[in-house]
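Structure in structure tokens, see below.
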Amino acid sequence: MVDLNTPVNQLIMVGPIYGAKLSKLGIKTIEDLLFHIPFRYENYSNVSTIRNLQVGEKVSTTATIASFENIYTKYGKRIQKAKISDATGEIEVTWYNQPFLKNIFHPGVKLSLSGEVKWFGKNLTFVSPEYEILKPGIPPIHTGRLVPVYPETEGLSSKWLRSRINVVLTKLFPQIPEMLPTNFLSRFNLISRKEAIYKIHFPQNYEDIEASKRRLSFDELLILQWAADIRKKEFNQKTVGHKFEVEKFKKEVDEFIQNLPFRLTEDQKKAVAEIISDLEKTKPMNRLLEGDVGSGKTVVAAISMYLTYLNGYKSVLLAPTEILAQQHYQTVSQLLSPYKIKLGLITASNRIKRQKNEDLSKFNIYIGTHALLSEKLKIDDLGLIVIDEQQKFGVEQRAILRDKGKNPHVLILTATPIPRTIALTLYADLDLSVIEEMPSGRQKIKTWVVPAEKRNSAYIWIEKQIKHSDFKQQAFIICPFIEESESLETVRAAKTEFEKLQKEIFPALHLGLLHGKLTTTQKQKVMAQFKNGKIDILVSTPVVEVGIDVPTATIMMIEAADRFGLAQLHQLRGRVGRGNLQSYCLLFTESENTKTIDRLKILERVFNGPKLSEYDLKLRGAGEIFGTRQHGHFGLKFADITDLVLIEETKQAAKILAEIDPDLSQVSLLKEEVQKYTIAKVSPD
Ligand code: ADP
Ligand code: MG
């Protein structure tokens, strides 16, 4: 009897060799195999008779082999030619380098073919079509239908995976038990889990795919919410190891705020008040502080760390990159310099420089990167953890950090404009503070969409700004993403662009290049040169997206802006306008599509991150708000985290479940899945 837990190695034609390959894709059990879902479908469902085959169309046909021969060209190439026929006519089929076909394509064999036909002289020919031999009563799986295409790995093709999955589904009939209460299916218009698995692999039509995705996404969002809810409940029962005094230090905190070189905005004040009221409680704070780049989250964090210090406890500030850690170190040092607070910078490259036996326990505030996590640093008296940029640190890292102290307070800073509904789902265990208003006196960044024909005049304008203005001014030039992650190709493109700009466009200026494949030391060097003005223009891949503070950087030029989401462009734009000078953002696009240009032009008038993310949601939908690179950060396999409607429905489902079966005792499979999810997310890798 096959069930979902059966090891995949036990399948016929799998064995140890394929088993090893499958495990590269994370597939160990039948369940893993069935949940290895297609990332797209080849549409071969247009079935035609031979007479009606059309050139240039993806078509499928069913026919019988009339003849077959292997041909060897004088250059040693091997070509396979077959003639196939149906009731309406005959056509030639050509394959290359597949001589073994001779062994199976005997005259009379019935085939299903999918591909394209082309003219070869006067004759139509099928060229290298997909093929499969038809057996009576068995529908094709590789041809003549919507054909699933899977994530592959070396030596494991989609075709092979498809065959194995098909064997499992049509020969072994594994138990695929339901995990929702049965009345949920009609109530929420869902197909069963079993049906979803069958249809996601072998759909009859696009509706089947939609229905399956809906079902699998529903489960995923429900599990996600339930797990967050459990975390929240567990968290609510925790007590801080170190209780803070707030009233006692009110005077000091007020003075600190008075002495800042600026007045806090109303939103900052509100966030500070919310945080301070959390810090006073015996339940640890677990709060997300959301605010645009430049909205002044750091100072809010600094106030919290100062209060922690006054209480005699230590703080940790965790940044996603070395550059940011360093910048935070400088900013926070400045803010706290009058108060004799000892700050330590702990990053991977810094660690090497530190003396072996240096006493790390002397600091009041630790600022650093992931190195802080791996460091065998046990911080006694840890009162507060601040994490900058939420998505990069998942639940698991938060858990590791918490382990470093006795249930310290946690404050998470994020500039990712997450619409409220989504934040409340994803981070159901977090409380939310939002800074919407930017510090006053901040000038609007003049933003223009620059069409291709104005490129040269834009370059001339940039050079003039940098060379002939009364103030020091600098520029960023952001090269486009070429691939999802910063691949070598993106880096290569940035290098080429950098060289071209330096040689041909701005020979009189100093240019620097920044990308993710530089070593930390190299990055720091470039950043330092940009910060102290040795570099006029910093050419960069979009890695600078995460906060860099250079007040004299006034120009942000973005290449192929149409490839970015609006919220993401807005975040890049936030790298300039950090000082008092008028700043500019130039959005370059080669696109002449009016829709594309209109979309970009929204940035000329809207300067509010959350609002822009709503536009993204409307105009481009899925995944856009978080930017390509952040996609997948939420660990979702099926669900689109921006699908507010489905989120709402799963919320409702969770609510009903919580009423009728709060322990999930009637839906043990769901319970198991929730547990699996919770454990997977919390164990460090
Ligand atoms: P972010 O939210 O992106 O982390 P920062 O905390 O780095 O923003 O603040 C951006 C800049 O704005 C800093 O130079 C900071 O000193 C300044 N700033 C913060 N709050 C205010 C304020 N209320 N008024 C004026 N400037 C402020
Ligand atoms: Mg910041």
Side-chain angles (χ1 to χ4, degrees), residues 26 31-32 35-37 178-181 184-185 187-190 193 196-197 200 212-236 286-288 290 387 390-399 410 412 414 416 418-432 613 617 621-626 630-659 661-664 667-685:
E31 175 167 14
D32 299 334
F35 279 82
H36 190 65
I37 59 153
E178 187 48 60
M179 67 178 194
L180 295 176
F184 272 34
L185 301 193
R187 189 161 193 163
F188 292 101
N189 189 23
L190 298 166
R193 203 161 105 98
I197 288 297
I200 198 94
S212 307
K213 282 201 170 145
R214 179 181 155 76
R215 170 59 213 255
L216 297 171
S217 304
F218 190 96
D219 292 359
E220 195 170 44
L221 287 172
L222 183 63
I223 290 166
L224 177 95
Q225 291 186 45
W226 202 276
D229 222 56
I230 290 178
R231 276 203 307 275
K232 184 177 188 153
K233 282 188 193 126
E234 285 173 0
F235 198 73
N236 281 344
N286 203 20
R287 184 171 287 279
L288 181 67
E290 182 185 346
I387 305 176
Q390 161 73 9
Q391 329 76 6
K392 306 252 160 67
F393 296 103
V395 176
E396 55 274 47
Q397 282 96 339
R398 272 190 264 153
V410 176
I412 297 156
T414 183
T416 309
I418 311 165
R420 207 179 175 87
T421 343
I422 296 176
L424 292 178
T425 309
L426 268 178
Y427 311 125
D429 54 331
L430 303 180
D431 295 309
L432 191 61
S613 76
L617 208 55
E624 272 309 323
I625 6 176
F626 306 112
Q630 280 138 358
H631 204 76
H633 261 292
F634 303 107
L636 294 174
K637 202 164 159 188
F638 311 107
D640 169 7
I641 198 59
T642 62
D643 187 343
L644 298 181
V645 178
L646 195 62
I647 287 177
E648 206 34 64
E649 288 182 64
T650 49
K651 249 193 196 145
Q652 212 189 322
K655 213 173 133 206
I656 297 171
L657 262 179
E659 277 162 22
D661 187 8
D663 303 325
L664 304 182
V667 276
S668 55
L669 186 54
L670 179 63
K671 186 173 184 159
E672 246 171 63
E673 291 292 317
V674 168
Q675 270 160 359
K676 241 192 252 170
Y677 185 87
T678 319
I679 293 164
K681 292 285 151 175
V682 178
S683 64
D685 44 13

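Every value quoted in this text rests on a predicted model; they were computed, and no experiment measured them.
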Nearest 0.5 Å, please: how far is CG in Asp219 from CZ in Arg214?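 Spacing of CZ (Arg214) from CG (Asp219) equals 11.0 Å.
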Between CD of Glu220 and CG of Leu224, what distance do you get to the nearest 0.5 Å?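 CG of Leu224 is found 7.5 Å from CD of Glu220.
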Before you tell me yes or no, could you show the steps for Arg187 and Ile656 under side-chain contact (heavy atoms from CB on, under 4.5 Å), namely the whole-Å CA-CA distance, both residues' side-chain angles and the distance that decides it to 0.1 Å? CA-CA 11 Å; Arg187 189 161 193 163; Ile656 297 171; 3.6 Å; yes
With sequence neighbours left out, write down each residue that passes salt bridge (Lys or Arg N to Asp or Glu O under 4.0 Å) with Asp431, or none if nothing qualifies. none
I'd like to check Met179 versus Val667 (side-chain heavy atoms, cut-off strictly below 4.5 Å). Are they in contact? no
In Å and rounded to the nearest 0.5 Å, what is the CD to CG distance from Glu234 to Asp229?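 Going from CD on Glu234 over to CG on Asp229, the span is 10.5 Å.
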With rounding to the nearest 0.5 Å, note down the distance linking CG in Leu432 to CG in Leu288. 5.5 Å
Can you confirm whether Leu180 sits close enough to Arg215 that some side-chain heavy atom of one is under 4.5 Å from a side-chain heavy atom of the other?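 Of all side-chain heavy-atom pairs linking Arg215 with Leu180, at least one is under 4.5 Å.
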Do Trp226 and Glu673 have side chains that approach each other closer than 4.5 Å (heavy atoms only, starting at C-beta)? no
Contact between Gln675 and Lys671 at the side-chain level, heavy atoms closer than 4.5 Å - yes or no?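 Touching, per the 4.5 Å side-chain cut-off.
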Any idea which heavy atoms bring Ser217 and Ala639 closest together, and the distance? OG-CA, 3.5 Å
Any heavy-atom pair between the side chains of Phe184 and Leu657 that's under 4.5 Å?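 With C-beta onward as the side chain, the pair touches.
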So, taking the atom named CD1 in Ile197 and the one named CD1 in Ile37, what distance separates them when rounded to the nearest 0.5 Å? 8.5 Å
Where Ser212 and Ala196 come nearest, the two heavy atoms and their spacing: OG-O, 3.3 Å
With rounding to the nearest 0.5 Å, note down the distance linking CZ in Arg287 to CD1 in Ile412.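 So the CZ of Arg287 and the CD1 of Ile412 are separated by 11.0 Å.
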What are the two closest non-hydrogen atoms of Arg193 and Glu178, and how far apart are they?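 In terms of heavy atoms, the two residues are closest at N-OE1, 3.0 Å.
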